[in-house]
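Sequence lines set the chain letters: A, B, ... in the order given, protein chains first and strands last, and positions in each chain run from 1. The model shown is predicted, which means the values in this text are computed figures rather than measured ones.
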There are 2 protein chains.
Amino acid sequence: MSVKHSTQHKILDAAQTLFAETGFTDTSLRQITSMAEVNLASVNYHFGSKKELIQAVLQRYLVVLMPRLDQEFTRLLAVQQPNSLSQVLSVFVKPLLELNKVHQNGARIFLQLLGRGYTDVQGHLRWFFNHHYGRVLDKLVLLVQQACPDLPPSELFWRLHFSLGTVVFTMASNEALAEIAEADFNEKVDIEGVILRLLPYLSAAIAAPVTTVTQLSHTAPALASEGI
Amino acid sequence: MSVKHSTQHKILDAAQTLFAETGFTDTSLRQITSMAEVNLASVNYHFGSKKELIQAVLQRYLVVLMPRLDQEFTRLLAVQQPNSLSQVLSVFVKPLLELNKVHQNGARIFLQLLGRGYTDVQGHLRWFFNHHYGRVLDKLVLLVQQACPDLPPSELFWRLHFSLGTVVFTMASNEALAEIAEADFNEKVDIEGVILRLLPYLSAAIAAPVTTVTQLSHTAPALASEGI
DNA sequence: TTCAAATTCAAACGTACATTTCAAACACTT
DNA sequence: AAGTGTTTGAAATGTACGTTTGAATTTGAA
């Protein structure tokens, strides 16, 4: 397995592991080059800066994942009758798991990195992502809109972001959760198991009936009263 | 409004704002003391260290929130017939919004900090939280179990963590989301609005029907084939 | 008013960081 | 084998950080 690795490759491998575990800011180039067994200066030589290294680490997965997702979305959009929500969400599974071909545990690592990217650094990664792949996600929005025609656009916006949060946070704290699950329920859980558990959860969540404030005030009377 | 603020108070106020916006690691004591208009050394004088400052910032809200939640959980547990899931989740609303009495925008800031705490620092905050308030959350698990008797314990474990991810991530990226929502949908969204949108989403998600792998393979044939 | 304790202040300390430098080692063509 | 461009290496640079120090100042009780 893996006879020879270039310096760039070794840096990317070490960087993605440490970034996923500890976050971008809390991982130093010294930790990365030490784990990769390369010289400290080689990061700046090959990637320019730490910021560009972070983007390169993510790009390795994005250039594989996003075209695949785009292809799936386009295929579903071509179908005559609208797809069900769980059909739409299911198309994520295969492209995500194919990231395991990019690198061992690639799917898990990528999703962890994505989570880090949304909370760690302010701005620049989110911009980077939206700028390069915003078009692809527009197709997803369209598909979900077709699957849930009763959902107002603004509600759909929020629910998709809620769902992103679910996925991203779950992956960010994946190691800890998997450990607890194994200890408490004797369940060995891998990334595929987590994704399979996420699908019905997200399907039901996104398609949940829209509740108005007046309806809610029966169960949550806090809001009607008191001008908090 | 607020005639005079002690140094400690000013530090806590500045710290919570910057921590919520930028995260714990990416916020320096110099930024905090500069915003608070106090001397740099006063943080270490009053709080001992940056780590203890972080805990103090969170404690200010936790000592208010957790007893309130505990009280609500205990009340629901005393009811004879099991409560519905949305009833259980609704008890979060009032205690959370009461954090706005602790400080302006307290609810939003607290939830943002909670999100930061789960992703930013590794370990010590999660330990701090579980150690002090684990008992309270056990009651929540019990309540959800009663509300969803068909849900296997391991499935419930995962779904509660999914839900935590939803909330925490949403709050961590709240500013950005609220900006987009306002720009795209002309909707001004405050913390109360987000919480109200979260309730039906989470209710449906946690109570979603449990899907087996064989059922899933109809919509996600990726997993049955290919030994990825 | 006096005096001791609590607080503030400017300055400095030591450490860790990303990045740069430039010479040495390497790879590859001629 | 020589020579050129690429890559690596050890060391240093400058900056930012959390924390410490000790003197100055403020506070509050006697």
Under 3.5 Å side-chain donor-acceptor pair for B/S49 and B/E52: yes
Distance check needed: D/dT13 P versus A/R30 CZ, whole Å only. 14 Å
Working to the nearest 0.5 Å, report the span between OG1 of B/T166 and CG of A/L164. 10.0 Å
Could you tell me how far apart B/L53 (CG) and D/dG18 (C1') are, to the nearest whole angstrom? 12 Å
So what does A/T33 hit on the nucleic acid, given a heavy-atom distance under 4.0 Å: a base, only sugar-phosphate, or nothing? nothing
Residue A/Y45, side-chain heavy atoms: nucleotide from D/dG18, D/dT7, D/dT20 that is nearest: D/dT7
Take atom CG of A/D26 and atom P of D/dC17, then tell me their distance rounded to the nearest Å. 14 Å
Does a side-chain N-to-carboxylate-O contact under 4.0 Å join B/K139 and B/E72? no
Contacted region of DNA chain C by chain A, from 5' end to 3' end of the hits, cut-off under 4.0 Å to heavy atoms, spans C/dC17 to C/dT21
Contact class for A/S28 (heavy atom, under 4.0 Å): base, sugar-phosphate, or nothing? sugar-phosphate
In whole Å, I'd like the distance from the CZ atom of A/F47 to the C1' atom of D/dT7. 14 Å
Would you check if the side chain of A/N100 reaches a backbone N or O of A/A107 as a donor-acceptor pair within less than 3.5 Å? yes
Rounded to the nearest angstrom, tell me the gap between atom NZ in B/K51 and atom C1' in D/dT19. 14 Å
Would you say a side-chain N or O of A/H46 is under 4.0 Å from OP1 or OP2 of D/dT6? no
Give the rounded distance in Å between these two atoms: CG of B/N44 and P of D/dC17. 14 Å
Nearest-Å distance for atom pair CD1/P, residues B/I32 and D/dC17: 11 Å
B/Y201 and A/S163: side-chain donor and acceptor closer than 3.5 Å? yes
Take atom CG of B/N39 and atom C1' of D/dT19, then tell me their distance rounded to the nearest Å. 13 Å
Mutual orientation of the aromatic rings belonging to B/F110 and B/Y61 [parallel < 30°, tilted 30-60°, perpendicular > 60°]: tilted
Parallel, tilted or perpendicular: ring planes of B/H9 versus B/H5, cut at 30 and 60 degrees: parallel
Is the shortest side-chain N/O distance from A/T7 to OP1 or OP2 of D/dT8 below 4.0 Å? yes
